[in-house]
A.B. asks: 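One structure, pasted below without further comment.
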Amino acid sequence: MDPDAVAKAFVEHYYSTFDANRAGLANLYQEGSMLTFEGQKIQGSQSIVVKLTSLPFQQCKHNITTVDCQPSGSGGMLVFVSGNLQLVGEQHALKFSQMFHLMPTPQGSFYVLNDIFRLNYA
């Protein structure tokens with residue numbers, strides 16, 4: 001398993017799903033998963049999806065600038081992403097950073113244990 005390839009595939013899947021159908025992200029989280037979104041902590045797959053689907057915009061496009069990853073304990077990996085978030089109807093993109101802690105599933109894939117998202121204000 002090439003960690004960089006796994007991280008790249010995960011990032012492509014996560015953001016294409018987020019941009020097209022945020023509710024479809026539910027299967028990437030479990031009940032023990034935690035999202036920190038702009039400082040607000042949310043636990044559990046259902047609560048995370050409620051938060052993501054209730055954001056004050058319907059359409060957006062993530063443009064990824066960097067993806068860095070490191071292996072973590074127990075077969076997991078840390079994935080750090082930076083990029084631009086373009087909201088429909090807005091002239092300027094928002095810069096963001098997001099960190100995922102991915103953990104392996106018994107089926108051989110990964111789920112998001114921890115997810116931290118921040119907008120980067122200049």
Side-chain angles (χ1 to χ4, degrees):
M1 173 187 79
D2 175 10
D4 291 318
V6 171
K8 183 176 186 291
F10 169 78
V11 166
E12 287 175 3
H13 174 68
Y14 181 89
Y15 292 109
S16 65
T17 304
F18 189 108
D19 294 350
N21 174 27
R22 281 178 247 169
L25 295 171
N27 63 352
L28 294 178
Y29 297 94
Q30 295 185 1
E31 286 315 300
S33 298
M34 180 172 279
L35 165 67
T36 301
F37 189 90
E38 289 290 303
Q40 178 188 9
K41 291 180 176 62
I42 300 125
Q43 180 136 19
S45 178
Q46 285 186 319
S47 298
I48 290 169
V49 169
V50 167
K51 173 63 178 178
L52 296 178
T53 56
S54 67
L55 293 173
F57 53 87
Q58 294 303 311
Q59 293 181 299
C60 65
K61 173 74 174 114
H62 289 84
N63 296 304
I64 306 309
T65 307
T66 64
V67 177
D68 296 299
C69 75
Q70 295 180 352
S72 72
S74 304
M77 79 174 52
L78 296 172
V79 180
F80 182 76
V81 180
S82 65
N84 297 303
L85 174 59
Q86 185 66 54
L87 302 180
V88 170
E90 295 291 329
Q91 183 177 0
H92 300 289
L94 302 168
K95 295 193 179 302
F96 76 93
S97 297
Q98 192 161 11
M99 188 281 305
F100 300 97
H101 186 194
L102 304 180
M103 293 301 289
T105 66
Q107 297 79 23
S109 62
F110 288 88
Y111 75 95
V112 179
L113 178 61
N114 303 95
D115 178 354
I116 302 173
F117 176 90
R118 278 283 179 184
L119 291 171
N120 301 330
Y121 299 102

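Bear in mind that the values here come from a model prediction, so they are computed numbers and not experimental data.
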A.B. asks: Going by heavy atoms in the side chains, are Phe96 and Val81 under 4.5 Å from each other?
C.D. replies: yes
A.B. asks: Can you give me the closest heavy-atom contact between Ser72 and Met77, atom names plus distance?
C.D. replies: OG-N, 3.3 Å
A.B. asks: With side chains defined as the heavy atoms from C-beta onward, is the minimum distance between Lys51 and Gln40 less than 4.5 Å?
C.D. replies: yes
A.B. asks: Taking Tyr15 as the fixed residue, which of Lys61, His62, Gln98 is the one that meets the side chain to side chain donor-acceptor pair (under 3.5 Å) rule?
C.D. replies: Gln98
A.B. asks: Looking only at atom types and distance, does a side-chain atom of Ser33 sit under 3.5 Å from a main-chain N or O of Ser45, one as donor and one as acceptor?
C.D. replies: no
A.B. asks: Can you tell me how far the NE2 atom of His101 sits from the CG atom of Leu78, to the nearest 0.5 Å?
C.D. replies: 5.0 Å
A.B. asks: Looking at Gln59, I want to see if its CD is surrounded by more than 12 non-hydrogen atoms of other residues, nucleotides or ligands under 6.0 Å.
C.D. replies: no
A.B. asks: Is there a path from Phe110 to Leu113 through hydrophobic residues (I, L, V, M, F, W, Y) whose side chains come within less than 4.5 Å of each other?
C.D. replies: no
A.B. asks: Report yes if some heavy atom in the side chain of Leu25 is under 4.5 Å from a heavy atom in the side chain of Phe18; otherwise report no.
C.D. replies: yes
A.B. asks: Check Phe57 against Arg22 and note the closest heavy-atom contact, atom names and distance.
C.D. replies: O-NH2, 2.6 Å
A.B. asks: When you compare the side chain of Phe10 with that of Leu28, does any pair of heavy atoms fall below 4.5 Å?
C.D. replies: yes
A.B. asks: Mind checking whether Val112 and Leu102 have side chains closer than 4.5 Å, heavy atoms only?
C.D. replies: yes
A.B. asks: Kindly give the heavy-atom pair with the smallest separation between Ala7 and Cys69, and that separation in Å.
C.D. replies: CB-CB, 3.8 Å
A.B. asks: Test your reading of the model: is there a side-chain donor-acceptor pair from Gln86 to the backbone of Glu90, 3.5 Å cut-off?
C.D. replies: yes
A.B. asks: How many angstroms lie between atom CD1 of Ile48 and atom CD of Gln43, to the nearest 0.5 angstrom?
C.D. replies: 7.5 Å
A.B. asks: For Ile116, check side-chain contact (heavy atoms from CB on, under 4.5 Å) against everything at least two apart and list the hits.
C.D. replies: Thr36, Met99
A.B. asks: Side-chain donor-acceptor pair under 3.5 Å between Gln107 and Thr105, yes or no?
C.D. replies: yes
A.B. asks: Using the rule that Ile, Leu, Val, Met, Phe, Trp and Tyr join whenever any side-chain heavy atoms are under 4.5 Å apart, tell me whether Ile42 and Tyr111 fall into a single cluster.
C.D. replies: no
A.B. asks: So how far is it from Ser47 OG to Glu31 CD, rounded to the nearest 0.5 Å?
C.D. replies: 7.5 Å
A.B. asks: Should Phe117 and Leu55 be regarded as members of a common hydrophobic cluster, given that ILVMFWY residues are connected when their side-chain heavy atoms come within less than 4.5 Å of each other, either directly or indirectly?
C.D. replies: yes
A.B. asks: Looking at every heavy atom in both Ser97 and Asn120, which two are closest together, and how far apart are they?
C.D. replies: OG-ND2, 2.8 Å
A.B. asks: Do Val50 and Leu35 sit in the same hydrophobic cluster, where Ile, Leu, Val, Met, Phe, Trp and Tyr count as joined when their side-chain heavy atoms come under 4.5 Å apart?
C.D. replies: no
A.B. asks: Which heavy atom of Leu87 sits nearest a heavy atom of Cys60, and at what distance?
C.D. replies: CD2-CB, 3.7 Å
A.B. asks: Kindly indicate, with the supporting measurements, whether the criterion side-chain contact (heavy atoms from CB on, under 4.5 Å) is fulfilled by Asp115 and Tyr14.
C.D. replies: CA-CA 12 Å; Asp115 178 354; Tyr14 181 89; 3.6 Å; yes
A.B. asks: Test of understanding: clusters of I, L, V, M, F, W, Y form through side-chain heavy atoms closer than 4.5 Å, transitively. Do Ile64 and Val79 belong to the same one?
C.D. replies: yes
A.B. asks: Restricting to non-hydrogen atoms, name the atom on Gly83 and the atom on Thr65 that form the minimum distance, rounded to 0.1 Å.
C.D. replies: CA-OG1, 3.4 Å
A.B. asks: How about Gln58: does its CD atom have over 12 heavy atoms from other parts shown lying under 6.0 Å from it?
C.D. replies: no
